[in-house]
Amino acid sequence: MMARDQGIFSIDNPWPKIGWGMAVGVLVVAAVLGFGVLGRYQQNDSNLDLWNAICRGLGVTSDNGPEAETQPALHTTTRIAWTRGTLDQVAAGKREHGAFIALNCSACHGQGGVSTSTLIPTLAGMDAAVVYKQLDDYRSGKRLWGVMGAMAKALSPQDSADVAAYFADQLDGLPEIGSNRLPESGRSLREADPARRLVYAGDPQRGIPPCSACHGPGGYKIGAPALQGQQAAYIERQLASFAQGMRENDIFEQMRVIAKQLTPDEMRAVAAFYGGRAPKAESMAVR
Ligand code: HEC
Ligand code: HEC
């Protein structure tokens, strides 16, 4: 009995009140600091007013910026992907009908697709998948060149496959892709001729793979046209277009990334190396 009237059990012991008071005080200071002071400062933005700071602190946000902001237009490089469906469509091309359509092309691309003008590509011998893809890119506006856009718009996908099959079969143009062996010589990075070095060995320091790995001779990547026998001026022009981003229909930016690394002199040298009126497969393979 006596003990209850004394010490910490005494009725007028002030400590419980003081304890509660301090707890409430800490809570108030925490709330003011947390919601009113610290909550107002934004790392990458201007400070919030008190009301917004409290709302944010509680997790209630009126911040719907991203939804309301206009988004940049989605840019896709091409409509073509090398799926089974696309390859089946290409394979379904009918040569006879293609020959009929090709009557509209020879004025520019030459008889049988063998071009005689420097800035117009030879189509003879070009892989059918390449012709098909480029026509679709012109049609959809993914690759821009006035007259070709109009020509391609006049063709259905089936027409494109047909004319692609026709040109792929023509001779005296580009060599059949993947048909040539890689020459033994020239694969070394010590090759003195810069064009040969780029074509057969690339430049690892600049992240440039050898052109021949995709364009031949010896290598083949679907969608990459053979370049041997192509018009040199056309090759050079396309490299410059890729480098400047004027042509941007290459899947995964493969060619843009490479072309940006090339100097104008290298573009010219590589174009001269590959280009030429007649296929140079033999002379390139044996040296
Ligand atoms: C008025 C001239 C002209 C006519 C007609 C024409 N082309 Fe072209 N074509 C060009 C030119 C020029 C280019 C290169 C344009 C560029 O630099 O993008 C080209 C490019 C192409 C390419 C891209 C080849 C590559 O190496 O990437 C294809 C495929 C093609 N034409 C197919 C055709 C077909 C098929 C026809 C007929 C239905 C046709 N063209 C009619 C002038 C013409
Ligand atoms: C990883 C594969 C790859 C490598 C390596 C590569 N290319 Fe290409 N290149 C392509 C593909 C794929 C295309 C077709 C792009 C498209 O769909 O329009 C292309 C297109 C081109 C064209 C346009 C041809 C035409 O008929 O329109 C030129 C010119 C060209 N490449 C030159 C080069 C040169 C020169 C090198 C070496 C310095 C090189 N490429 C290395 C894959 C490659």
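For the single chain, residues carry numbers from 1 onward in sequence order. Note that ligands are numbered from 1 as they come in the structure, with each ligand's atoms numbered from 1 the same way.
- Arg206 and Asp203 are joined by a salt bridge, as a carboxylate oxygen and a charged side-chain nitrogen come within less than 4.0 angstrom of each other.
- For ligand 2, the atoms sitting less than 4.0 Å from at least one non-hydrogen atom of Lys133 are 16 (C), 17 (O), 18 (O), numbered in the order shown with element in parentheses.
- Of all atoms in ligand 1, numbered sequentially from 1 with element shown, those under 4.0 Å from a heavy atom of Met126 are 25 (C), 26 (O).
- A salt bridge is absent between Arg95 and Asp162: the closest approach of a Lys/Arg side-chain nitrogen to an acidic carboxylate oxygen does not fall below 4.0 angstrom.
- Proximity of Val270 to ligand 2, defined as any heavy-atom pair under 4.0 Å, is confined to the side chain (atoms from C-beta onward).
- A side-chain donor from one of Lys142 and Thr76 sits under 3.5 Å from a side-chain acceptor of the other.
- With 3.5 Å as the limit, one finds no donor-acceptor pair spanning the side chains of Gln261 and Glu266.
- Among all non-hydrogen protein atoms, the one lying nearest atom 8 (Fe) of ligand 1 is His109 NE2, 2.0 Å.
- Transitive grouping of hydrophobic side chains (ILVMFWY, heavy atoms separated by less than 4.5 Å) keeps Leu38 and Leu58 in distinct clusters.
- Between the side chains of Asp137 and Thr78, at least one donor N or O lies within less than 3.5 Å of an accepting N or O.
- Short contacts between ligand 1 and Gln238, defined as distances under 4.0 Å to a heavy atom of the residue, involve ligand atoms 16 (C), 17 (O).
- No hydrogens or angles considered: a donor-acceptor pair under 3.5 Å links the side chains of Asp127 and Tyr220.
- Only the side chain of Arg143 comes within contact range of ligand 1, with a heavy atom under 4.0 Å; no backbone atom does.
- For ligand 2, the atoms lying closer than 4.0 Å to a non-hydrogen atom of Gly223 are 12 (C), 13 (C), 14 (C).
- With a 4.0 Å cut-off on non-hydrogen atoms, Cys105 touches ligand 1 through its backbone as well as its side chain.
- In the hydrophobic cluster analysis, where Ile, Leu, Val, Met, Phe, Trp and Tyr join through side-chain heavy atoms closer than 4.5 angstrom, Met267 is grouped together with Ile208.
- The shortest heavy-atom contact between Trp82 and Ala129 is CH2-O, 3.3 Å.
- Considering only non-hydrogen protein atoms, atom 16 (C) of ligand 2 sits nearest to Gln134 NE2, 3.3 Å.
- Using a 4.0 Å cutoff on heavy atoms, Leu198 does not count as a contact of ligand 2.
- Residue contacts with ligand 2: Lys221 is placed with no nitrogen or oxygen under 3.5 Å of a nitrogen or oxygen of the ligand (distance criterion only).
- Only protein N, O or S atoms were considered, and those under 2.8 Å from atom 8 (Fe) of ligand 2 are His215 NE2, Met255 SD.
- Protein heavy atom in closest approach to atom 13 (C) of ligand 1: Pro121 CD, 3.6 Å.
- Of all protein heavy atoms, the one lying nearest to atom 12 (C) of ligand 1 is Trp145 CH2, 3.2 Å.
- Between Arg84 and Asp88 there is a salt bridge, since at least one side-chain N of the basic residue sits less than 4.0 Å from a carboxylate O of the acidic one.
- Around atom CD of Gln111, no more than 12 heavy atoms belonging to other residues, nucleotides or ligands sit under 6.0 Å away.
- Distances below 4.0 Å separate heavy atoms of Leu123 from the following atoms of ligand 1: 24 (C), 28 (C), 29 (C), 30 (C), 32 (C), 33 (C).
- One hydrophobic cluster, built from ILVMFWY side chains closer than 4.5 Å, holds both Ile80 and Phe252.
- Numbered from 1 in the order shown, with element, the atoms of ligand 1 that lie under 4.0 Å from a heavy atom of Leu135 read 32 (C).
- The Pro209 neighbourhood of ligand 2 comprises atoms 5 (C), with distances under 4.0 Å to a heavy atom of that residue.
- Evaluation of the salt bridge (charged side-chain N to carboxylate O under 4.0 Å, His left out) rule for Asp49 yields no partner, not counting sequence neighbours.
- The backbone of Pro210, and not its side chain, has at least one atom closer than 4.0 Å to an atom of ligand 2 (non-hydrogen atoms only; backbone = N, CA, C, O).
- The protein heavy atom nearest to atom 24 (C) of ligand 2 is Pro225 CG, 3.6 Å.
- The heavy-atom pair separating Ala226 from Pro175 by the smallest distance is CB-O, 3.8 Å.
- Tracing side-chain contacts under 4.5 Å through hydrophobic residues (I, L, V, M, F, W, Y), one reaches Phe167 starting from Met148; they form part of the same cluster.
- Residue contact check for ligand 2: Ile235 places a non-hydrogen atom closer than 4.0 Å to it.
- Of all protein heavy atoms, the one closest to atom 30 (C) of ligand 1 is Met148 CE, 3.3 Å.
- Side-chain contact check for Lys221 and Gln254: at least one donor-acceptor pair (N or O, by modelled atom type) lies under 3.5 Å.
- Residue-level proximity to ligand 2 for Tyr234 is carried by the side chain, the only part with a heavy atom below 4.0 angstrom.
- Salt bridge absent: Asp265 and Arg268 never bring a charged side-chain N and a carboxylate O closer than 4.0 Å.
- Closest non-hydrogen pair, Gln231 versus Thr118, comes out as CB-O, 3.2 Å.
- For residue Cys108, no N/O/S atom approaches atom 8 (Fe) of ligand 1 to within less than 2.8 Å.
- Taking atom 20 (C) of ligand 1 as the reference point, the nearest protein heavy-atom neighbour is Tyr138 OH, 3.3 Å.
- At a 4.0 Å heavy-atom cut-off, ligand 2 touches Arg247 through the side chain alone.
- Nearest non-hydrogen protein atom to atom 22 (C) of ligand 2 is Phe242 CE1, 3.8 Å.
- Leu119 and Val270 fall into different hydrophobic clusters, defined by Ile, Leu, Val, Met, Phe, Trp and Tyr side-chain heavy atoms under 4.5 Å apart, directly or through other members.
- For the pair Asp137 and ligand 2, the shortest N or O to N or O distance does not fall below 3.5 Å.
- At a heavy-atom cutoff of 4.0 Å, ligand 2 is contacted by the side chain of Leu239 but not by its backbone.
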